[in-house]
Colleague: 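The structure under discussion is supplied below as structure tokens; questions concerning it will follow.
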There are 4 protein chains.
Amino acid sequence: MGEDRQRVGRPRSEQARTAILHAVDDLLVEVGYAALTMKGIAERAGVGRQTVYRWWSTKAEVLFEAAITDAVEELTKPPQATLLDDVSTYLEAVEGFLTGSHAGTAYRALLGEAQHDPEVARLVGSAALFDGPSRAVLERGISRGELPPGTPLDAAMAVLTGPAFYLGLTGAAVPGGSVRAFAPALVAAVRELAAD
Amino acid sequence: MGEDRQRVGRPRSEQARTAILHAVDDLLVEVGYAALTMKGIAERAGVGRQTVYRWWSTKAEVLFEAAITDAVEELTKPPQATLLDDVSTYLEAVEGFLTGSHAGTAYRALLGEAQHDPEVARLVGSAALFDGPSRAVLERGISRGELPPGTPLDAAMAVLTGPAFYLGLTGAAVPGGSVRAFAPALVAAVRELAAD
Amino acid sequence: MGEDRQRVGRPRSEQARTAILHAVDDLLVEVGYAALTMKGIAERAGVGRQTVYRWWSTKAEVLFEAAITDAVEELTKPPQATLLDDVSTYLEAVEGFLTGSHAGTAYRALLGEAQHDPEVARLVGSAALFDGPSRAVLERGISRGELPPGTPLDAAMAVLTGPAFYLGLTGAAVPGGSVRAFAPALVAAVRELAAD
Amino acid sequence: MGEDRQRVGRPRSEQARTAILHAVDDLLVEVGYAALTMKGIAERAGVGRQTVYRWWSTKAEVLFEAAITDAVEELTKPPQATLLDDVSTYLEAVEGFLTGSHAGTAYRALLGEAQHDPEVARLVGSAALFDGPSRAVLERGISRGELPPGTPLDAAMAVLTGPAFYLGLTGAAVPGGSVRAFAPALVAAVRELAAD
DNA sequence: GCATAATCGAGACGGTACGTCCCGTCTTCTG
DNA sequence: CAGAAGACGGGACGTACCGTCTCGATTATGC
């Protein structure tokens, strides 16, 4: 596949790698994405600048690797008994992730950067962060019989994720105080999609 | 308020102001937001650097002023005969704005910057770009009797805007080829919101 | 000539210029030429790095400007009564300059750099540091009648300067303890040159 | 002395050693001394970096070993019939060596480095490159009876070598076109030295 | 003939200077 | 007296070498 880079010579230092990922995590919280620099990351990690560049091209790539695993975990919640509960839980997870979490801050920074850098856009797009969790909710709904088997998943995923995503990204206040209140409406929307 | 800044001396050059706004517009297209610099804007406008800083603090502010009027115009479409048509037209406008338009590129860049700069977040938040157009669609629905008077507008606006916004910002492919296909589902969702 | 660079805009800061020249002088003594860096010069002078590069391309150019005036002064001694005394004094000046003086250290460093950088070679060659003083010694000898008017000056200058230069550059011990002892022999050599 | 370094283990590779010396020779000509790097030498020689460092500390040391043998050879010319011819031939050899030869370029580079690195100065001083050849010329003069037995050799060597050395190092044009023209004057100077 | 040991090429490591770019401020001349 | 021009101190950029280190592989000696 390509995973066998370099067979001779000194092997890559796992210690340096984790020090860099930790440094980028810490610095994002401490100084914010705008003030995050490759120089700063290297110094914080106690690592040569070249060592960072050797394995990642931009601060976006480092941040992506540092944050994406946590991000997926935060969005994955245990199954609920009903579709409505499942959707409510998912919406809450999305809201919490975007507005209150560490990994979510990293994701928003990356998505922001993606708006003016196609390279980062490709990187972030490759994660398709919300796809797995939202698809799981829908598939559980189908297997429970709460949704017809022909439900168009891609469209339904966008319907489930969109509103909370929009509120999180624009920083708008959540109407009604909690995004859980959207659940019945979005379930209705998904059923309507399936009916077409 | 403070509209009478400077009563003696040479008055502010309107010519310089518009040259700067045009320059920022052009440069955004030509080099992208990341490579947009205050230095570059001043040079392109044929203007001293200080003159730019005198009226705007950051490139985000210049861009905001240059793009926001166009943005509102692009999102405002003539009323349609039915709620369903109105929603379809609105969705199409949002999609076209975010993915295909000049002003939309500026908006996405600003929203991106807002993810890592609270100052810009405040600026972009103050525009609440989608609020006017989406509220208008809903109010027309109410006045036509297609929606109950008690429909919760803020929540409904997020439901209408969210899916297209999500697809536009993440660069995902639109399921079914057009966002118009979401209209029936979103109308159903809005009605469900109103029913609670 | 070209001395009128920049007629508009902020003028060059004389304060920065002298701070840089002093810094380079100090650093040469403190850390030596090899450890002299543009970065170090700028920091020592309390000046931006770009400000150094704006007016000089290399550390050699800065050092040249900082040292060359002093160098000429050190090599210029008051006229003596006889050619022999004049030559002795000149030889002593050359020796002292190359082995014991501040400006001489700078000159040796530059001449060293000139051996592997043609640009520096041109710069140092343009100074022709020993030409003025050695020619003056010879012309006084001619005007006193101690040397014939037809004495070939260029060759005589090389004969007068060469031995002390050779000893100074190679770091060899001076035979007899003082380079003054070479004077009678070199006067004889110059007379022989003139006789050809 | 210390010639028995390592008695067990893999012996030093003579092949690597000569590859390094050849590489340094080639690179000096191709890129010049300033752009000569230990990294470049190792890569050109097809050798690990450590292998170079194991046997030489600096690029100056490698260059010294690569060039010094050739240098001595170039300065050693067959004896001539008379002192004047011997001196002329020597002067020509010095000039050709410094300005036209491969080994001379290396010597000039090393002498240049010696001006700002005492370690290199010691190394180059230890060679005393011109001592052997110039002393030979003088001793032949004495044995032929053209010079008195008491001629002070060290001073005479500096007188013979200095002018051509000065012209070669400063890159000045040779007055009269050839250094051979200096020979009678320098012979006169040496005789005057002996007479004191 | 098998362990020991020093060499080899390769290449990653922590550092540091390079020369460039832009930041936001300042100081001059020009209209 | 605003505006253009452009120099100022500062600091990050991405690159190149530095000299050291850690690999696996190779090639001698000595038990």
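Every value quoted in this text rests on a predicted model; they were computed, and no experiment measured them. Reminder, nothing fancy here: chain letters follow the sequence lines and each chain counts from 1. Atoms considered below: every heavy atom in the structure, side chains included; atoms not considered: hydrogens, waters and symmetry mates.
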Colleague: Between F/dC1 atom P and B/Arg54 atom CZ, what is the distance in whole Å?
Modeller: 13 Å
Colleague: Quick check for you: to the nearest 0.5 Å, what is the distance between C/Tyr53 atom OH and C/Ile41 atom CD1?
Modeller: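 It is 8.5 Å, given to the nearest 0.5 Å.
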Colleague: Rounded to the Å, how far apart are C/Tyr53 OH and E/dA17 P?
Modeller: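 My rounded result for the distance is 11 Å.
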Colleague: Assuming nearest nucleotide by heavy-atom distance, tell me which of A/Arg49 and B/Lys59 is located more 5' along DNA chain E.
Modeller: A/Arg49
Colleague: Going by side chain to side chain contact (heavy atoms under 4.5 Å, CB included), name the residues that satisfy it together with D/His102, two or more places apart in sequence or in a different chain.
Modeller: D/Asp25, D/Val29
Colleague: Return the angle between end axes of the helix from E/dG1-F/dC31 to E/dG31-F/dC1, with five pairs used per end and rounding to 10°.
Modeller: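 Overall, the helix from E/dG1-F/dC31 to E/dG31-F/dC1 bends by 10° from one end axis to the other.
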Colleague: Can you pull out the residues from residues 37-47 of chain B that lie within a 4.0 Å heavy-atom distance of DNA chain E?
Modeller: B/Thr37, B/Met38, B/Lys39
Colleague: For D/Arg44, check salt bridge (charged side-chain N to carboxylate O under 4.0 Å, His left out) against everything at least two apart and list the hits.
Modeller: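 Salt bridge (charged side-chain N to carboxylate O under 4.0 Å, His left out) check on D/Arg44 returns D/Asp26, D/Glu30.
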Colleague: Could you state the atom-to-atom distance from CD1 of A/Ile20 to C1' of E/dC13 in whole Å?
Modeller: 11 Å
Colleague: Can you pull every protein N or O that's under 3.5 Å from an N or O on nucleotides 27-29 of chain E?
Modeller:
none

Colleague: With nearest nucleotide decided by heavy atoms, which residue, C/Ser57 or A/Thr51, maps closer to the 5′ end of DNA chain E?
Modeller: A/Thr51
Colleague: Roughly how many Å is it from CD in D/Gln15 to C1' in F/dT27, rounded to a whole number?
Modeller: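 That distance rounds to 13 Å.
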Colleague: Can you sort out the partners of C/Ser101 under side-chain hydrogen bond (donor to acceptor under 3.5 Å, both in side chains), two or more places apart, ordered by chain and number?
Modeller: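 C/Glu74.
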Colleague: When rounded to the nearest 0.5 angstrom, what is the spacing between CG in D/Leu21 and CH2 in D/Trp55?
Modeller: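 Reported value, rounded in 0.5 Å steps: 13.0 Å.
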Colleague: So, using side chain to side chain contact (heavy atoms under 4.5 Å, CB included) as the criterion, who are the partners of A/Ala106 when residues are at least two apart?
Modeller: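 Counting only residues at least two positions away or on another chain, A/Ala106 forms a side chain to side chain contact (heavy atoms under 4.5 Å, CB included) with A/Leu28, A/Leu63, A/Ala67.
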Colleague: Hey, is the side chain of B/Trp55 poking within less than 4.0 Å of OP1 or OP2 on F/dA2, counting only N and O atoms?
Modeller: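 So the side-chain polar atoms of B/Trp55 never come under 4.0 Å of the phosphate oxygens OP1 or OP2 of F/dA2.
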Colleague: For residues 109-122 of chain C, which residues have at least one heavy atom under 4.0 Å from DNA chain E?
Modeller: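 Of all residues in residues 109-122 of chain C, none places a heavy atom under 4.0 Å from DNA chain E.
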Colleague: Please collect all salt bridge (charged side-chain N to carboxylate O under 4.0 Å, His left out) contacts where either partner lies in residues 13-24 of chain A, sequence neighbours excluded, each pair once.
Modeller: A/Glu14-A/Arg17, A/Arg17-A/Glu65
Colleague: Whole angstrom is fine here: how far is it from CD in B/Glu61 over to P in E/dG24?
Modeller: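 Answer to the nearest Å: 11 Å.
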Colleague: Tell me, which pairs form a salt bridge (charged side-chain N to carboxylate O under 4.0 Å, His left out) where one or both residues lie in residues 105-118 of chain D, sequence neighbours left out?
Modeller: none
Colleague: Who pairs with C/Tyr33 by ring-ring contact (aromatic ring centres under 6.0 Å, His included), at least two apart in sequence or on another chain?
Modeller: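 With neighbours one apart ignored, the set is D/His116.
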Colleague: Could you tell me the separation between the NZ atom of C/Lys59 and the NZ atom of C/Lys39, rounded to the nearest 0.5 Å?
Modeller: 14.5 Å
Colleague: Do side-chain atoms of A/Gln115 reach the backbone of B/Leu169 as a donor and acceptor pair under 3.5 angstrom?
Modeller: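 Checking the backbone N and O of B/Leu169 against the side chain of A/Gln115, a donor-acceptor pair under 3.5 Å is found.
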Colleague: To the nearest 0.5 angstrom, please state how far the OG1 atom of A/Thr58 sits from the CZ atom of A/Phe64.
Modeller: 11.0 Å
Colleague: Sequence neighbours left out, what passes side-chain hydrogen bond (donor to acceptor under 3.5 Å, both in side chains) with B/Glu119? Give chain and number order.
Modeller: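 Partners of B/Glu119 by the side-chain hydrogen bond (donor to acceptor under 3.5 Å, both in side chains) criterion, ordered by chain and then number, come out as B/Arg122.
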